[in-house]
Amino acid sequence: MKNTIIAGAGHYVPENVVKNSDLQLIMETSDEWIQERTGIQERRWVASDSDDSTSSMGTKAARNAIADAGLEPNDIDFIIFATLSPDYYFPGPGVMVQEQLGIDTVGALDIRNQCSGFIYGLSVADQFIKTGQYKNILLIGSELHSGGLDKTTRGRGVSVIFGDGAGAVVLQASDEAGKGVLTTKLHSEGKHAKELALLGPSTAHWVDAIIEENNPEDLSYYPYMNGNFVFKHAVTRFQEVIYEALASAGKDSSDIDLLIPHQANLRISQYVQAKMGLAPEKVFNNIMKYGNTTAASIPIALSEAKAEGRLKKGDLLCLAAFGSGFTWGSALVQF
Ligand code: UT7
């Protein structure tokens, strides 16, 4: 059976930097509050005069990942795109990447697993590669949150957290034993679906009804998050699913060379790191610069960690995510 290695990684973030102090000008918040609760100092928000979109940012990240793998776009034989903020309701952005990269008519799969989308995509790609169906899979996580946030004091509990950006990896079949993706673990708990969600407009709450009701109290077209509730579940599930992956691969937490957690909140990462007894340098965080970029956060961090030389041959990389659904998951990758 083949193994799945990460042959290349790349990312793209919009140029427009939005600092906490910029947010203070449009809502009642403070740099102190945001940094103390989340660790975030700034995030990227696509500028109103920019033509960046979820798919085009994904394509830019993909180009960087393909180049990093030493490949050409047409070496890709399958595309997986994870996002909660697609360009359109349908079709999904996977096909747009196929078009924008000028790749032949390969399959394109869109993943709807929010913050865990990259881990879910990695797991799917790993099965395709292990069975020999595909050789080079492009996996992208991209989000454009900024246009859909409530940027007033009313929405500050959510809007200060989220940022825009994209990351991508090329996953490749390898014959080298003991290398690549060792295991992936996926979970969900749909009873908490509405604790972190954007419920309308949708087939459950059609645009016509929203317009007809004309109810100023109806904020269903903005993302809703029960922050405390999500936080409590996240810190437990992160640890649980990391230990589950370690156990199934016959590894221990002391074997982890680098943990890249989904960048939900620096306090969540630090809590997990402390509880698991990991040294701070073994946990990669960049939420300070980008905020929470949902499905893009792990591949952006992976791309930065790789470029900084933080992933050396022989290293054990652990990825973990938790978010809306609830969905969560983990992966262990041997470099
Ligand atoms: O990526 C998907 C997964 N997402 C997560 O894992 C996020 C998990 N949750 C969190 O990270 C945290 O719950 C938040 C950072 C979202 C919020 O932090 P918190 O410590 O749970 O704050 P809170 O919602 O309990 O709000 C505390 C206070 C409230 O004021 P009162 O009622 O105590 O007077 C809020 O109105 O802080 C207020 N507040 C703010 N103040 C200034 C909420 N947002 C802001 C803000 N600036 N941006």
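Note that ligands are numbered from 1 as they come in the structure, with each ligand's atoms numbered from 1 the same way. As the structure is a computational prediction, the values presented were derived from the model and not from experiment.
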ask   = How close does the nearest protein non-hydrogen atom get to atom 30 (O) of ligand 1, and which residue and atom is it?
value = Arg156 NH2, 4.5 Å
remark   = Going by the 4.0 angstrom heavy-atom rule, the piece of Thr29 near ligand 1 is both
key: For Thr38, the ligand 1 atoms whose distance to one of its heavy atoms is below 4.0 Å   = 15 (C)
task = Verify the contact flag for atom 32 (O) of ligand 1, where contact means a protein heavy atom under 4.0 Å away.
result = no
ask   = Under the 3.5 angstrom rule, does the side chain of Thr153 hit a backbone N or O of Glu28 as a donor-acceptor pair?
value = yes
ask   = Tell me: protein heavy atom nearest atom 2 (C) of ligand 1, and distance?
value = Cys115 SG, 3.0 Å
inquiry  = I need the minimum non-hydrogen distance between Glu281 and Leu258, along with the two atoms involved.
reply    = O-CD1, 4.0 Å
ask   = If you measure every N/O of Ala264 against every N/O of ligand 1, is any gap under 3.5 Å?
value = no
message = Assess the residue pair Asn285 and Ser269 against the criterion (side-chain hydrogen bond (donor to acceptor under 3.5 Å, both in side chains)); give the C-alpha distance rounded to whole Å, side-chain angles, the decisive distance to 0.1 Å, and a yes or no.
response = CA-CA 8 Å; Asn285 289 301; Ser269 297; 3.1 Å; yes
ask   = Do you see a protein non-hydrogen atom under 4.0 Å from atom 15 (C) of ligand 1?
value = yes
inquiry  = Could you identify the single nearest non-hydrogen protein atom to atom 21 (O) of ligand 1 and state the distance to 0.1 Å?
reply    = Asn228 OD1, 3.1 Å
note = Short version for Ile268: what comes under 4.0 Å of ligand 1, heavy atoms counted, is side chain
ask   = Checking Lys151 side chain against Ser146 main chain: does a donor-acceptor pair fall under 3.5 Å?
value = yes
inquiry  = Over 60° means perpendicular and under 30° means parallel, so tell me whether Trp328 and His187 are parallel, tilted or perpendicular.
reply    = parallel
ask   = Does Leu196 have a non-hydrogen atom less than 4.0 Å from ligand 1?
value = yes
query = Can you tell which part of His262 has a heavy atom less than 4.0 Å from ligand 1: side chain, backbone, both or neither?
reply = side chain
request  = Spell out, yes or no, whether Ile161 and Tyr290 are grouped together once hydrophobic residues are joined by side-chain heavy atoms under 4.5 Å, including indirect joins.
outcome  = no
key: Stepwise salt bridge (Lys or Arg N to Asp or Glu O under 4.0 Å) check, Lys60 with Asp52   = CA-CA 10 Å; Lys60 287 175 187 166; Asp52 277 338; 3.0 Å; yes
task = Check Glu143 against Ser85 and note the closest heavy-atom contact, atom names and distance.
result = OE1-OG, 2.6 Å
message = Classify the ring geometry of Phe322 against His233: parallel below 30°, tilted from 30° to 60°, perpendicular beyond 60°.
response = parallel
key: Which segment of Phe231 sits under 4.0 Å of ligand 1 when only heavy atoms are counted   = both
key: Atom of Gln334, atom of Gly178 and distance for their closest heavy-atom approach   = CG-O, 3.3 Å
Selection from Arg37, Glu195, Arg154 by shortest heavy-atom distance to atom 20 (O) of ligand 1 = Arg37
ask   = Closest non-hydrogen protein atom to atom 11 (O) of ligand 1, residue and atom name please, with distance?
value = Asn265 ND2, 2.6 Å
remark   = Only one of Asp110, Ile111, Leu122, Ile140 passes side chain to side chain contact (heavy atoms under 4.5 Å, CB included) with Ile80, and that residue is Ile111
key: Residue and atom name of the nearest protein heavy atom (relative to atom 1 (O) of ligand 1), distance in Å to one decimal   = Asn292 ND2, 2.6 Å
inquiry  = Can you confirm whether Lys179 is buried at NZ, in the sense that more than 12 heavy atoms of other residues, nucleotides or ligands lie under 6.0 Å from that atom?
reply    = yes
message = Show the atoms of ligand 1 that are less than 4.0 angstrom away from any heavy atom in Gly157.
response = 16 (C), 44 (N)
task = Look at atom 44 (N) of ligand 1 and say which protein heavy atom is nearest, naming residue and atom and giving the distance to 0.1 Å.
result = Trp33 CH2, 3.3 Å
message = Can a donor-acceptor pair be found, under 3.5 Å and without considering hydrogens, that links the side chain of Thr83 to the backbone of Ser142?
response = yes
query = To the nearest 0.1 Å, how far is atom 9 (N) of ligand 1 from its closest protein heavy atom, and which atom is that?
reply = Gly227 O, 3.0 Å
task = Please confirm whether Met225 comes under 4.0 Å of ligand 1, counting heavy atoms of the residue only.
result = yes
inquiry  = If we set the cut-off at 4.0 Å for heavy atoms, which region of Val160 has an atom near ligand 1: side chain, backbone, both, or neither?
reply    = side chain
task = Of the side chain and backbone of Ile161, name the one, both, or neither that has a heavy atom under 4.0 Å from an atom of ligand 1.
result = side chain
message = Which residue and atom name correspond to the protein heavy atom nearest atom 4 (N) of ligand 1, and how close is it?
response = Val230 CG1, 3.6 Å
